[in-house]
Amino acid sequence: MNFWELSSNIDMPERSTKAGKSKYPFKDMKVGESVFFEGKTSLDKECVYAYNYGRKAGKKFSARSVAGGVRIWRIE
């Protein structure tokens, strides 16, 4: 049993006006700056995004679990 269905002749919607804008501040962070994410853990998507963005942009980030959430620092 398949859980997907192939379709054709369906128009693709226009791109969202948010395209290209990140909801995370990693691009603008300077070395030594950090950002706090309340209620998150070091395994959440924000940490993964910081790592992946840093790898592509030649920047390094480090995350630590702290009281109430996780904090991500730009270290390079």
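Bear in mind that the values here come from a model prediction, so they are computed numbers and not experimental data.
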*Results of side chain to side chain contact (heavy atoms under 4.5 Å, CB included) for K30 - residues two or more places apart only*: E33
*Rounded to the nearest 0.5 Å, how far apart are CD1 of I72 and CZ of F26?*
4.0 Å
*Calculate, to the nearest 0.5 Å, the distance between atoms CZ and OH belonging to F37 and Y24 respectively.*
6.5 Å
_Test of understanding: with side-chain hydrogen bond (donor to acceptor under 3.5 Å, both in side chains), list the residues that count as partners of S34, not counting sequence neighbours._
R71
*Which residues satisfy the side-chain hydrogen bond (donor to acceptor under 3.5 Å, both in side chains) test with Y53, sequence neighbours excluded?*
K59
*Shared ILVMFWY cluster between Y49 and M29, side chains joined below 4.5 angstrom?*
yes
_Members sharing W73's hydrophobic cluster (side chains within less than 4.5 Å)_ = I75
*Could you work out the complete set of other residues in the hydrophobic cluster of L43, with links drawn between I, L, V, M, F, W and Y side chains under 4.5 Å apart?*
none
*Taking only residues at least two apart or on different chains, which pairs with a member in residues 46-58 satisfy salt bridge (charged side-chain N to carboxylate O under 4.0 Å, His left out)?*
K40-E46
_Donor-acceptor pair, distance only, cut-off 3.5 Å: does the side chain of D44 make one with the backbone of T41?_
yes
